[in-house]
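First up is the structure itself, then whatever we jot down about it.
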Amino acid sequence: LKARVVFRFSVALRPSHSFAPARPLGADAGSTAGHTAFRGSRQIPPVRAAMGALGAACYFLSCCGCCGCLHFWTPVLLKFGELILWFCLEVVDCLIGICSCPLHTVLRSFSLCAAREPVANRKTLVIVGGNFGGLAALHEVAHEPGLRVILIDQREYFEYTPGVLRLFCDPTLFLTMAQNSPSGDHEFMVGTVTHVGERRVTVSRASGDVEEVEFDYLVLATGADYRQPITPTPSDCTLTARSSTWCKEAARVKAANTVLILGGGAVGSELAAEIACHFPSKRVTIVDALPHLVPLFPKATIQHVERWLVDKGVELVLGQKIDRSDDRSCTMADGRVIEADLIYVCFGMRCNSQCVAEGELSKSLGPRKEVRVNEFLQLNGQPRVFAIGDVMAHPSGEIKQAYYAEMNGLAAGRNVLRHMRGQALLKYPDDIAGAPIMPLVYIVSLGRYDGSLGFNSVVINGPIAALMKWFIEWTKMRQMERRPVGQLVWHLCDAVTFFLSRYLMQPRAKGSD
């Protein structure tokens, strides 16, 4: 274990040009890390000392970002900050686990007893889709004894989608961003829902079998198709298959000399940044019909993203429409032809609503095949059917992000329980955020050591955003594992986010900067 801790520090102290994406996510050092790191400082509590070191690192990191000393110190301090955060979070996780273990055992025994008792009016909830929104809904209803919950997904694992763009360049990080779907009192089916009716869904299993599952309540969290490999194919149903897909895609990126990215939104900009950061010698081009990149975010983020990419040698072809494209070239409306070894299309998100289009609820679909819902996230005329995340269109018109998908799932899960009990349903987002608009929360990653962090009108550009990206990814994965530290951090983060957004930093209306 001591050797592993020394290895962590040696990785953090390498020069930036030899840096490989480190993995401070694991729990392989445990308490030995704390003993080694703070030997000789026994008068200071380890967590307090760690937080002090982290604060100093963040301050110095900000100074480096301001003065331009980014070549060496930014990677070093980022890895040091990640290491300190990792240690503090692991200590907190262990302490909470030890303290809550007896209580968890008691609650678990009560839950098992309740599950064994025959419930005359036990209802069945089917959740279709096991990523952010679907798992958030699952966690809300997990301990309801009067509800039988069935989770259906076409893959047997959860993948942290906001971080997968880094896998185009470093597929070895896959297992830090994916894990088997969480177990619990619910039932789990691996298969594809091909038909949604008013009271049943049809599931096609990988074995070729077809099953019909009846429900009393349904939550559709099927997401959207962001094109392969960002969106897994049906054949990527296991962790092994998915890992193999990322290895093959990374090999294609490594072999290409020129890369063309069509679309300058968050996905296209982050993908270009990852390639430019990992492979500085490659020629990367972004093409978009709009005059600026990441147009849905504030001006400070737009300017930082464009400036960073230009500084890295990325060519920006903006404000020009695309006439046609194929696997090797793109022809602009003015006749210009841009050729590349590898082309990625990062626009044209398509809602995964085929199962609804083929069923009895097809009238709920909009012009883009999105599932239209009311303010309670219900399909019109279907009070027991809810839709959340990228597949649905809500009257608020919020942008599509994992954070909002989770909030959708939280609201849908609570509304299922309230409908069962005959209570008034929660209005989204008013009764979740305490305001008619959800807070704008985002991080645009720019390679391994930079980014843009935004909270409503506040924007923080630079390495701090990269550190926060790691923190969010690590704690979110632990939350999906139902580990104490992940649940605690995100309960606090959600509460603080809503408080700040409601009273101190209100979100701006659409169209304002």
Side-chain angles (χ1 to χ4, degrees), residues 111-112 114-131 133-156 181-223 234 237 351-365 371-374 376-389 391-392 408-409 411-423 425:
S111 176
L112 290 175
R116 292 191 192 103
E117 292 179 2
V119 181
N121 297 320
R122 197 178 187 198
K123 305 295 184 181
T124 298
L125 165 65
V126 171
I127 301 174
V128 183
N131 226 46
L135 292 184
L138 174 67
H139 294 159
E140 284 299 313
V141 301
H143 302 295
E144 174 56 46
L147 194 63
R148 174 194 177 205
V149 183
I150 303 174
L151 175 65
I152 305 175
D153 195 87
Q154 65 178 9
R155 52 190 179 178
E156 61 182 28
S181 292
S183 59
D185 297 331
H186 63 280
E187 302 173 34
F188 181 52
M189 295 178 62
V190 178
T192 302
V193 174
T194 58
H195 180 278
V196 175
E198 293 184 353
R199 294 305 298 269
R200 63 178 55 85
V201 296
T202 303
V203 184
S204 176
R205 308 295 290 266
S207 61
D209 297 336
V210 177
E211 299 181 30
E212 287 195 347
V213 181
E214 296 187 351
F215 62 82
D216 297 290
Y217 294 94
L218 175 66
V219 174
L220 291 170
T222 50
C237 59
C351 296
N352 289 329
S353 57
Q354 299 90 333
C355 57
V356 179
E358 300 295 331
E360 302 165 6
L361 307 181
S362 58
K363 293 182 179 180
S364 300
L365 296 180
V371 180
R372 293 174 294 188
V373 299
N374 59 21
F376 305 110
L377 301 178
Q378 300 165 305
L379 276 66
N380 292 323
Q382 299 292 333
R384 293 171 177 260
V385 180
F386 299 81
I388 60 177
V391 73
M392 68 84 174
N408 295 166
R414 292 180 181 178
N415 277 344
V416 167
L417 298 179
R418 295 176 78 89
H419 191 280
M420 285 176 54
R421 298 162 184 164
Q423 300 172 341
L425 301 187

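Here the structure is a predicted model, which is why all the values come from computation and not from measurement.
Of the listed residues (Arg414, Arg418, Arg421, Lys123), just one forms a salt bridge (Lys or Arg N to Asp or Glu O under 4.0 Å) with Glu144, and that residue is Arg421.
In this structure, Thr192 OG1 and Gln354 CD are separated by 10.0 Å, a value rounded to the nearest 0.5 Å. In this structure, CG in Leu220 is found 11.5 Å from CG in Asn352, a value given to the nearest 0.5 Å. Note that the CZ atom of Phe215 and the CD1 atom of Ile152 stand 10.0 Å from one another [nearest 0.5 Å]. The structure places CG of Leu151 at 5.5 Å from CZ of Phe188, a figure rounded to the nearest 0.5 Å. Note that the CD atom of Glu187 and the CZ atom of Arg148 stand 4.0 Å from one another [nearest 0.5 Å].
Pairs passing the side-chain hydrogen bond (donor to acceptor under 3.5 Å, both in side chains) check and including a residue from residues 193-203, sequence neighbours excluded, read Arg199-Asp216, Arg200-Glu214.
Counting heavy atoms from C-beta on, the side chains of Leu138 and His186 come closer than 4.5 Å. Counting heavy atoms from C-beta outward, Leu147 and Met420 have side chains that approach closer than 4.5 Å. Residues Gln382 and Leu361 form a side-chain contact, since some pair of their non-hydrogen atoms from C-beta on lies under 4.5 Å apart. The shortest side-chain heavy-atom distance between Leu365 and Ser353 falls under the 4.5 Å cut-off. When side chains are defined from C-beta on, Val190 does not count as touching Asp153, because their heavy atoms never get closer than 4.5 Å. Side-chain contact between Gln154 and Val203 is absent, with no heavy atoms from C-beta onward closer than 4.5 Å. No side-chain heavy atom of Ile150 sits less than 4.5 Å from a side-chain heavy atom of Leu125.
Leu377 and Ala412 get closest at one heavy-atom pair: CD1-N, 4.1 Å. Residues Val371 and Ala387 come closest through the heavy atom pair CG1-CB, 3.8 Å. Ala221 approaches Gly134 most closely through the heavy-atom pair CB-N, 3.6 Å. In this structure, Ser181 and Arg155 approach most closely via the heavy-atom pair OG-O, 4.4 Å.
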For this session: Please lay out, stage by stage, how Phe386 and Asn415 fare under the test side-chain contact (heavy atoms from CB on, under 4.5 Å).
Result: CA-CA 9 Å; Phe386 299 81; Asn415 277 344; 3.8 Å; yes
For this session: In sequence, state the C-alpha distance, the side-chain angles, and the governing distance for Val141 and Leu417, and then conclude on side-chain contact (heavy atoms from CB on, under 4.5 Å).
Result: CA-CA 7 Å; Val141 301; Leu417 298 179; 3.9 Å; yes
Exercise. Can Val219 and Val126 be said to form a side-chain contact (heavy atoms from CB on, under 4.5 Å), step by step?
Worked result: CA-CA 6 Å; Val219 174; Val126 171; over 6 Å; no
For this session: Step by step, work out the side-chain contact (heavy atoms from CB on, under 4.5 Å) result for Met189 and Val213.
Result: CA-CA 10 Å; Met189 295 178 62; Val213 181; 4.0 Å; yes
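Between the side chain of Asn408 and the main chain of Ile388, no donor-acceptor pair closer than 3.5 Å is present.
Under the salt bridge (charged side-chain N to carboxylate O under 4.0 Å, His left out) criterion, Glu360 pairs with no residue, sequence neighbours left out. Taking Glu211 as the reference, Arg205 meet the salt bridge (charged side-chain N to carboxylate O under 4.0 Å, His left out) condition, with sequence neighbours excluded.
Counted within 6.0 Å of CD on Glu156, heavy atoms from surrounding residues, nucleotides or ligands total more than 12; the atom is thus considered enclosed.
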